[in-house]
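These notes are about the structure you will find just below.
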Amino acid sequence: MPAETKPTEKTRTAYRTCPLCEATCGVAIEIEGDRVVRVRGDKEDPFSRGFICPKGSTLGELHHDPDRLRTPLVRRDGRLEEATWEEAFAEIDRRLTGFFEEHSRQALAVLLGNPIVHHLATALYIRPFVLAAGSFNLYSASTVDQMPQHLVSGLLWGDPGVFPLPDLDRTDHLLMLGANPMASNGSLVTAPDFPGRLKAMPARGARLVVVDPRITETARRADEHLFIRPGTDVFWLAALVHTLFEEDLVSIGRLEPWVNGVEEIRALVAAFTPERVAPICGIDADTTRRQARDLAGAAAAAVYSRIGTHTVEFGSAGAWMTAILNILTGNFDRPGGTMTASPLASRIDDREPGGRGYRTNRWKSRVKGHPEINGEFPAAGLADEMETPGEGQVRAAITVASNPVRSYPNSERLDRAFAGLDFFLAIDIYVNETTRHADVILPPPSGLCEEQYELTFMNTAIRSFGKYSPPVFAHEGPSEEDIFARLILILRGEGVDGDPATIHDELVSQAVDRLLKDPSSPIAGRDRDEILAELEGLSPAAKQLDLRLRTGWQGDQFGAKPGGISLEKLSEHPHGVDLGPMVERYPGRLKTLSGHFELAPAQLVEDWERVSARLKDPVRQDQMLLIGRRHLRSNNSWMHNVATLMTGRSRCTLLMHPDDASRLGLEDGAESEVRSRVGKLRVAVETSESMMLGVVSLPHGWGHDVDGIRMEVAAAHAGVPSNVLTDDQVIDVASGNAVLNAIPVEISAVG
Ligand code: SF4
């Protein structure tokens with residue numbers, strides 16, 4: 001694709017949202033015939049204001065990638081061969097029917113990958129699909145990197161899906177740990193042009209403090225950067241909380257009448273003095289006290305912690321202490337502090353605080369007895385479930401846009417386990433390191449062939465925003481809704497001849513009926529046929545979306561609130577509709593049983609014993625620790641087949657401080673061997689004074705030089721898979737989250 005083709009009269013422009021990460025940038029896609037000729041930021045998108053990153057400009061390349069699957073593949077005589085859709089569905093039906101004659105439903109694992117949440121139809125159909133599979137063996141990207149936040153949100157304010165979002169545009173002080181939005185563009189927060197929002201801070205006198213074992217791209221923009229020993233964020237955060245109590249800086253403010261557990265927190269952090277944690281974290285006590293005072297003294301401050309804080313042994317405790325800091329300083333649900341999203345497709349009722357609370361541990365995993373959290377088991381426990389014999393052993397899998405052989409810990413073990421399955425169905429656009437083991441691969445349509453609304457990520461957006469985009473290109477195969485509907489029918493035992501329309505109608509009817517029966521719904525008691533008639537003519541997914549929008553907090557309530565939001569209204573605004581920044585939602589949004597913030601829930605207090613024990617008995621300080629890193633041109637494991645993003649020198653290097661390199665007999669560019677408890681790999685060293693002493697960094701998602709993958713560009717830029725080194729037997733116990741950072745490693749020169 002020519003990168004700089006000038007628009008011609010024949011060029012048309014489609015306005016969309018980049019679906020590659022949660023920043024959800026608006027894009028203007030210029031098209032000639034059936035070719036994308038240019039992708040640029042949409043300057044008229046009121047949320048992203050023209051910003052895109054290098055990945056967004058390659059959407060056309062991704063769409064036209066010759067390696068992207070267009071037809072199903074079925075394994076015949078050991079080889080994946082092209083098949084018709086009917087042949088593929090027939091094979092799935094035959095294999096699954098036979099499988100369930102011999103095995104229980106629990107022997108089937110369902111794995112959901114990150115991209116599913118960017119696709120409207122998948123986001124809407126995934127739950128009924130999982131229910132039809134009927135297995136408790138559900139795994140997703142959530143237990144790879146974000147379950148601590150779900151758990152903390154569920155336990156503290158009663159809703160695991162409501163995340164505390166730093167109010168970037170209004171904050172006076174942002175304390176950031178384990179996050180690098182200059183490279184990632186944000187995680188668990190949807191803020192297009194995160195870099196621009198950070199750069200705007202100094203002009204209004206706001207301060208940015210970054211705490212990270214590496215001077216990251218974000219740290220370079222900060223007013224202050226503090227090195228911290230990997231895996232110890234929780235100790236430092238606890239020392240900040242300790243200082244708030246010690247110096248009488250706790251000031252909860254407006255929400256104080258709705259906060260329980262303050263004294264329990266005071267007792268829990270009593271031993272975590274800045275002096276005590278200093279040798280563990282590597283941050284001196286005076287600095288810690290100063291940071292606590294700065295936080296408490298700012299007019300509005302936000303503490304934001306992510307991957308580096310959450311994907312460690314004490315991930316939930318770290319997320320918990322982050323929330324505690326925001327609440328105790330009066331910065332939770334305060335403009336400029338941390339607030340929560342108000343998505344247009346959601347109902348946000350003004351009501352009395354309180355709800356049904358949050359439950360976990362409703363069932364346990366077979367091998368290790370891990371409790372379910374949000375209905376899922378730990379990704380790190382999957383290999384145990386696949387390899388341990390007995391009733392319910394996982395012998396079949398369905399992956400949806402998931403590449404666990406690269407993204408889950410101890411990836412070599414998982415690679416072997418996938419190779420040995422009785423049946424494996426992948427829904428994916430590539431033959432990658434995982435799907436090369438599949439028996440059937442079903443490729444969903446290209447994102448540009450689907451209608452689009454970022455349903456999931458508006459739940460983490462720092463502004464109330466909505467954009468609906470119709471498909472850019474026609475698609476010849478089945479729609480995403482039809483693929484899932486047919487699989488639901490097969491999983492229900494209704495065979496390959498069932499009509500997917502029955503599933504589409506069922507889902508819309510169920511959604512309408514729920515709203516009609518709910519007395520608090522804006523369409524409670526209305527005429528069912530009248531509502532269904534209003535949705536006529538829309539695609540199955542658009543019907544569900546329109547229903548949500550029209551009954552949402554800004555919806556037109558099917559005519560009862562003229563001028564309100566509807567799909568039709570959004571369609572009139574191709575650049576999107578922005579209804580403003582986050583607003584105060586608490587205490588009315590509290591869904592805990594008590595109707596209060598529960599700062600010290602029993603599950604987290606119990607887990608704190610592990611943190612306290614480690615305070616008394618810290619780990620060796622001379623151990624080299626491995627951390628991950630993000631790059632602006634990468635997106636986990638699946639963007640390495642886009643040639644434009646793979647130019648320049650190799651990015652898959654082991655970053656290391658020059659003093660560590662020289663101590664180990666290594667120099668810049670030398671090959672090293674890195675060993676952990678579970679695996680080893682060889683990788684080139686890149687020395688950099690940006691690294692903390694005793695810490696090395698390797699990006700994740702690489703390792704494409706394996707037999708059977710069909711990604712030519714990626715294979716030519718293979719890199720090494722960091723999850724060969726991460727350990728599936730070490731997890732954040734409270735949430736089951738994988739431990740992908742602070743991995744103990746030994747390093748030596750090769751040769
Ligand atoms: S930051 Fe980049 S990848 Fe993410 S949505 Fe924006 S353009 Fe796409």
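None of these values were measured; they are calculated from a predicted model. In listed order, ligands and their atoms are each counted from 1.
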Determine whether the side chain, the backbone, both or neither of T24 has a heavy atom under 4.0 Å from any heavy atom of ligand 1. backbone
Would E217 and N180 count as a side chain to side chain contact (heavy atoms under 4.5 Å, CB included) here? Give the steps. CA-CA 7 Å; E217 295 82 347; N180 184 12; 2.7 Å; yes
Side-chain donor/acceptor of E481 to backbone N/O of A541, under 3.5 Å: yes
Partner of Y430 under side-chain hydrogen bond (donor to acceptor under 3.5 Å, both in side chains), picked from T435, D65, D67, is D65
Donor-acceptor contact below 3.5 Å, side chain R633 vs main chain H631: no
Can R548 be said to sit on top of W553's aromatic six-ring, NZ or CZ under 6.0 Å from centre and within 45° of the ring axis? no
Can you name the salt bridge (Lys or Arg N to Asp or Glu O under 4.0 Å) partners of D172, sequence neighbours left out? none
Near atom 2 (Fe) of ligand 1 (under 2.8 Å) - protein N, O or S atoms: C53 SG
